[in-house]
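On a predicted model such as this, the values are computed, not experimentally measured, just so you know.
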Amino acid sequence: MVRDIRLVGTGQLLELQRRLRRAGHETIRASMQRRIRRAAEPLRDDLQDTIRGLAIRSQGRAAGKRGGASPTTRPLRATIAEAIRISVRTTGDPGARVWVDKARLPPDLRRMPDVINDGRIRHPVYGNRKRWATQWADPGWWDKTVRAHTPRITREVERVVDDVRRHLE
């Protein structure tokens, strides 16, 4: 799984940021950051909607097997959706980054976005490490969503860079 997507035109963005700093255009720089963040927000929102609506299937219980309520009250997909973040940097490695913030996930779910993206989820049944279950999800929920948004975001960032460059000239 692509752990994050970075929207970068590092050479152009670095050069623009230097020129803005030299010219003292803090408001233009702040506006540029805000516009780049806005370009990435639909991707974040779509990733959150995709994981929340992702179907996870299993083969079900065999006849006569016991079952019961889940031992956890955490909703898996909503927890992952809430951990999807955006950051915009204008120095060093400039650009926008959309990623799953693993620090916002419980320790036992930190690998889950990658596992779900692979399409096969294998886990102990109700925490019992002697019994395991396999569930399936459509593989590539992250990759497909990012691929669908990349052309639009690239166009938006190029437009922002062109607008700022025109303003500086």
Evaluate side chain to side chain contact (heavy atoms under 4.5 Å, CB included) for M32 paired with R34, printing each intermediate quantity in order. CA-CA 5 Å; M32 181 172 136; R34 187 173 50 254; over 6 Å; no
List the steps and the verdict of side chain to side chain contact (heavy atoms under 4.5 Å, CB included) for V125 and K130. CA-CA 8 Å; V125 177; K130 292 180 182 177; over 6 Å; no
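Counting all heavy atoms, side chain and backbone alike, H149 lies closest to D46 at NE2-OD2, 2.8 Å. L105 and T79 get closest at one heavy-atom pair: CD2-O, 3.6 Å. Across all their heavy atoms, M112 and L76 have their closest contact at CG-CD1, 3.6 Å. Closest approach of W132 and H123 over heavy atoms only: CE3-C, 3.2 Å. Contact between A83 and R104 at its shortest, heavy atoms only, is CB-CB, 4.1 Å. The shortest non-hydrogen separation linking N117 to W141 is OD1-N, 3.1 Å.
Residues I51 and W136 are members of separate hydrophobic clusters, defined by side-chain heavy-atom contacts under 4.5 angstrom among Ile, Leu, Val, Met, Phe, Trp and Tyr.
In this structure, E158 CD and I153 CD1 are separated by 12.0 Å, a value rounded to the nearest 0.5 Å. Considering CD1 of I56 and CD1 of I116, their distance stands at 4.5 Å, rounded to 0.5 Å. For the atom pair T150 OG1 and L43 CG, the distance stands at 7.0 Å (nearest 0.5 Å).
A salt bridge does not link D101 to R110: none of the charged nitrogens lies less than 4.0 Å from a carboxylate oxygen. Looking at D138 and R57, a side-chain N of the basic residue comes within less than 4.0 Å of a carboxylate O on the acidic one, giving a salt bridge. Taking 4.0 Å as the cut-off between side-chain N and carboxylate O, E82 and R52 count as a salt-bridged pair. A salt bridge is defined here as a Lys NZ or Arg NE, NH1 or NH2 lying under 4.0 Å from an Asp or Glu carboxylate O, and E156 with R159 meets this definition.
Distance alone, capped at 3.5 Å, is enough to place a donor-acceptor pair between the Q48 side chain and the A81 backbone. With hydrogens and angles ignored, the 3.5 Å screen pairs a side-chain donor or acceptor of K144 with a backbone N or O of P139. Remark: side-chain polar atoms of R152 are paired, donor with acceptor, to backbone N or O of A39 under 3.5 angstrom.
R97 is not listed as a side-chain neighbour of I86, based on a closest heavy-atom distance of 4.5 Å or more. Counting only heavy atoms from C-beta outward, the side chains of D114 and K102 approach each other to under 4.5 Å.
Here the options are L47, D118, V100, the test is side-chain contact (heavy atoms from CB on, under 4.5 Å), and the partner is P113; only V100 passes.
Within 6.0 Å of the CZ atom in R129, the count of heavy atoms belonging to other residues, nucleotides or ligands does not exceed 12.
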